[in-house]
Structure formats: structure tokens, C-alpha cells
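To start, the structure under review is shown below, and the notes come after it.
Here is the naming used below: chain letters follow the sequence lines, and residue numbers restart at 1 for every chain.
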2 protein chains.
Amino acid sequence: MLPADALLLHIGQYIRVSEPLRTALLERVQAASYNKGELLHDARRVCTRSDFIQRGLVRLYYQHDGEKITEYFSAEGEWVNSPNSLVKQTPDIYYLEALEPTQTLSLHMRDLGYLFDNFPEMERYARLSMGSVFGHLMDRITSLRFTSAREKYEHFCRTHHDILHRLPLGMVASYLGITQETLSRIRAAR
Amino acid sequence: MLPADALLLHIGQYIRVSEPLRTALLERVQAASYNKGELLHDARRVCTRSDFIQRGLVRLYYQHDGEKITEYFSAEGEWVNSPNSLVKQTPDIYYLEALEPTQTLSLHMRDLGYLFDNFPEMERYARLSMGSVFGHLMDRITSLRFTSAREKYEHFCRTHHDILHRLPLGMVASYLGITQETLSRIRAAR
DNA sequence: GTGATTATTTGATCTATGTCAAAGAGTAGG
DNA sequence: CCTACTCTTTGACATAGATCAAATAATCAC
């Protein structure tokens with residue numbers, strides 16, 4: 001299995017990957033790796049890449065009153081970037097941090113532009129894959145509005161079963177918008 | 001000013017609208033109008049159109065424990081649809097309701113498909129315009145997590161200044177994820 | 001206009017979760 | 001193996017906002 005196979009598979013869920021597209025992609029992706037704690041992206045810079053996670057775990061976070069607030073977690077088979085910064089080429093508030101040793105395949109701005117310009121199906125892929133993230137964001141909003149801390153945690157366990165045991169409790173609490181203490185008490189009472 | 005001018009303007013913010021695209025669009029959009037209280041879309045059906053609001057005000061809501069929960073408001077110059085239902089062609093939980101007499105230009109599924117297939121720049125338009133909604137959703141999540149009821153309301157006043165006076169209080173409260181009573185008390189103390 | 005809905009306000013509780021503080025557990029480096 | 005972090009748990013207390021209930025006020029249909 002080529003290292004890029006997972007990536008092609010992901011794209012293949014949304015569009016047919018023609019031979020020329022496949023070639024163009026493979027020519028342009030670049031492998032990179034990060035240690036635990038290293039930043040894939042720093043809020044003080046403009047985001048110039050999108051990284052596809054081959055192996056590892058990443059969180060998107062931002063600073064709020066000196067606290068690091070986790071916005072979401074991404075693992076194998078997902079793209080990470082700072083969405084607004086990437087599209088508008090201006091800085092934004094988000095950091096990307098490797099929570100484990102992480103390997104990525106990345107596409108630079110310029111190459112993304114090339115692919116979008118020359119392969120209209122890549123535009124479609126981007127549109128459709130964004131669509132699924134959309135649904136998650138809307139569910140998340142519902143969850144923040146109407147569910148108790150316990151329900152939030154139980155929902156998280158269901159939806160993030162695979163990565164739950166890889167995450168420190170404090171980050172999960174901040175993702176859920178509750179305090180670490182509350183989450184600890186919830187877990188105790190079971 | 002042609003009725004469709006606002007629509008072309010909106011698209012023109014993201015891509016250049018070529019003459020053939022302009023023609024294709026104008027041939028396919030359909031005008032419709034709705035009375036106050038009428039549904040533009042019903043959750044019991046599959047969403048088959050995207051509606052661009054020419055005049056009026058629409059809310060997206062869903063049922064939760066017998067309550068109608070407002071997910072967002074859209075006014076002149078915005079697209080409304082049930083995103084997931086439209087893309088996946090399966091039912092979803094969202095209703096679209098006209099809060100005022102509303103005129104729309106709508107594009108049917110099939111025509112959207114035609115435009116996406118024949119005008120790659122329409123894919124780009126969809127991708128980029130979705131991107132800006134993205135940012136709003138992320139801000140919304142932050143607001144739900146960290147701000148008091150009063151701050152939520154003040155933020156809403158700032159960001160929805162133009163439509164604030166057109167909205168019943170109960171819907172605003174449900175949008176903000178607080179109770180009507182709390183919102184009423186907040187407004188009293190000023 | 002008038003009666004009937006529907007929306008908003010006000011009041012009196014109640015409770016989930018936050019805050020502050022400190023003690024235990026785990027883990028990594030020397 | 002020990003020291004120094006960092007992470008997690010536990011306790012006591014405070015409070016924003018929910019809930020329940022009822023009184024006004026506004027709007028709509030006839």
C-alpha cells in the first residue's frame with residue numbers, strides 16, 4: 001500500500017479519481033512528520049497548507065483568557081488546516097497541535113490552487129467534503145445548547161470512541177465546553 | 001434592476017459570472033413567493049431546491065421536545081435550504097418557515113446539478129460561499145460555550161441589527177439557546 | 001371593534017455546573 | 001529511584017439561568 005492510498009481513498013469517496021488527477025496529486029503531496037506537542041500550524045502565521053493525517057492525532061485549539069480551548073480533534077484519514085486563514089490568506093486564531101507523533105501528507109496553497117484550477121472535480125470534492133463537516137458543526141451546536149454535561153460526555157464517548165482513550169481529560173472537557181472538575185465527577189459516578 | 005440582479009451580485013462576489021453562465025442561471029431560476037407562516041421546506045420531505053431570498057425573512061428550525069428550535073435566520077441576499085437533505089437527498093430534521101411575506105428565486109436540484117456539471121466555477125462559488133458560513137458556525141460555537149446570556153444577546157444585537165426588530169423574542173431566545181424568560185429579564189434591565 | 005389567541009413580562013423557587021482550593025496519581029527526565 | 005512536573009480527583013460553596021405559574025400586553029380573525 002502506497003503511503004498516499006488512504007488519501008486517494010478519501011477523495012474517492014466523493015469523486016472518481018482519474019489517472020491524470022491521481023498523478024497530479026501524487027506529484028504534489030509532501031510527507032511530513034511531527035513530534036508530540038509540535039505545532040502543525042501556528043496562529044501567528046498565515047496557513048499555507050492543508051495536511052492529511054496518515055498516522056497520529058491532532059487538535060485544533062485557540063487561546064481564550066490564557067486557556068487553550070480545544071475546538072476539535074482529528075485523527076487518521078482527516079484533513080486539518082486553519083480554514084479561514086487558508087482560504088483568505090490572513091492570520092486567524094487557530095493553532096494545530098500534534099497530540100501524538102504524527103505523519104501527514106500536505107498540499108501547499110499553490111498546489112491546491114493548481115489542482116482546483118485544472119481539475120474541476122477537485123472543487124466538487126472540496127465542496128462535498130466540506131458539506132459533511134457542516135453537519136457535524138450543526139450537531140455540535142445542538143449539543144451545546146440542549147444537553148447536560150453528562151449527555152455531552154456520553155455523546156462524545158459514542159462519537160469519538162476510537163480516540164477517547166488517547167485524549168487527556170482536560171482537552172475533552174474544553175472541547176465539550178465544561179470544566180475539567182465537572183467531567184471528572186461525571187466519570188466517577190458510573 | 002432585473003429581479004435576479006441581487007443573485008448575480010452575490011455570485012459575483014466569489015467568481016466572475018461569464019455571459020454563458022449568466023444566461024444559464026437566468027434560464028433556470030424560478031420565482032416563488034410565500035405568505036407569512038408558510039413553509040419553504042418541510043422536514044418530512046427531501047429538499048429539492050435551494051432558495052435565494054429576494055425579499056423577506058426566513059428561519060430554519062427543528063422540533064425538539066415539541067418545541068420549535070430556531071437554528072438560524074436568513075434575510076434578503078442569502079440562500080436557504082436544508083443542507084444535508086439537499087446534498088444527500090434524504091430527509092433531515094429542518095424546516096424553513098417564512099417569517100414575513102417572502103419572495104425567492106429558486107434553483108431545483110436538477111438545475112443545480114446541471115450548473116455544477118457544466119460550469120466548474122459554480123463548484124468554486126459553492127465551495128467559497130460555504131466557507132464563509134463555516135466561519136459563522138465556528139463563532140457561534142464559541143459564543144455558546146463561553147458567553148453569558150446577556151453577552152449572547154448583546155452580540156446578537158450587534159450582528160443582527162438589521163433584522164432584530166422583525167423577530168419575535170421567543171425565536172431569538174431559542175436561537176441563542178436561552179429561555180424566553182431570561183431574555184425578557186435581560187432586556188428589562190437596561 | 002370584540003373576543004380569542006399568542007407573545008411578553010414578572011415573581012418565586014430550584015438545580016446543574018462553575019469557582020476556588022487542595023490533595024493524590026501518573027509520568028518523564030536526570 | 002527520586003524530583004518535579006502535569007493530570008485527575010475530591011470537597012465546600014456560590015450563582016446564572018432554568019422551571020413553574022400567573023398576570024399583562026399585543027395581535028389576529030371574524
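- Listed pair A/Ser184 / D/dT8 fails the phosphate criterion, with no side-chain N or O lying under 4.0 Å from OP1 or OP2.
- One interatomic measurement links the two molecules: CZ of B/Arg185 to P of D/dT15, which rounds to 18 Å at whole-angstrom precision.
- No contact: A/Leu183 has no heavy atom under 4.0 Å from any strand.
- A/Phe146 places its CZ atom 15 Å from the P atom of C/dT17, with the value rounded to the nearest Å.
- Counting only heavy atoms from C-beta on, A/Pro168 has its side chain closest to D/dT8 among D/dC28, C/dG18, D/dT8.
- For the pair A/His165 NE2 and D/dC7 P, the interatomic distance rounds to 18 Å; values are reported in whole Å.
- Distances shorter than 4.0 Å separate none of the side-chain N or O atoms of A/Ser148 from OP1 or OP2 on C/dA16.
- The CG-P distance, from A/Leu169 to C/dA25, rounds to 17 Å in whole Å.
- Under the 3.5 Å distance criterion, with hydrogens and angles disregarded, no donor-acceptor pair is assigned to the side chains of A/Ser82 and A/Tyr95.
- Taking the centre and axis of the six-membered ring of B/Tyr61, the NZ or CZ atom of B/Arg59 falls inside the cone set by 45° and 6.0 Å.
- With rounding to whole Å, B/Tyr153 atom OH is found 13 Å from C/dT8 atom C1'.
- Side-chain atoms of A/Glu123 do not come within 3.5 Å of backbone N or O of A/Pro120 as any donor-acceptor pair.
- Between C/dT9 and B/Arg187, a contact under 4.0 Å exists linking OP1 or OP2 to a side-chain N or O.
- As a whole-Å value, the separation of A/Lys152 NZ from C/dT17 P is 7 Å.
- Residues A/Ala149 and B/Gly170 each lie close to DNA chain C; by heavy-atom proximity, the contact nearer the 5' end of the strand is made by B/Gly170.
- Between B/Tyr175 and B/Phe73, the two ring planes are tilted [angle within 30° to 60°].
- Remark on DNA chain C: of its neighbouring residues A/Thr147 and A/Glu181, the 5'-side contact belongs to A/Thr147, judged by nearest-heavy-atom nucleotide.
- Counting any heavy atom pair closer than 4.0 Å across all strands shown, A/Gly177 reaches sugar-phosphate atoms only and no base atom.
- The nucleotide whose nearest atom lies closest to any side-chain atom of B/Ala188 is, among C/dG18, D/dT8, C/dT10, C/dT10.
- No more than 12 heavy atoms of other residues, nucleotides or ligands shown are found within 6.0 angstrom of NE2 on B/His136.
- Contact annotation: B/Thr179 does not reach the phosphate of D/dG17 (side-chain N/O to OP1 or OP2, under 4.0 Å).
- Taking atom NZ of residue B/Lys36 and atom P of nucleotide C/dT6, one finds them 13 Å apart after rounding to whole Å.
- For a distance-only test at 3.5 Å, the side chain of B/Arg145 fails to qualify as a donor-acceptor partner of the base of C/dT17.
- In this structure, B/Gln180 places its CD atom 15 Å from P of D/dC20, rounding to the nearest Å.
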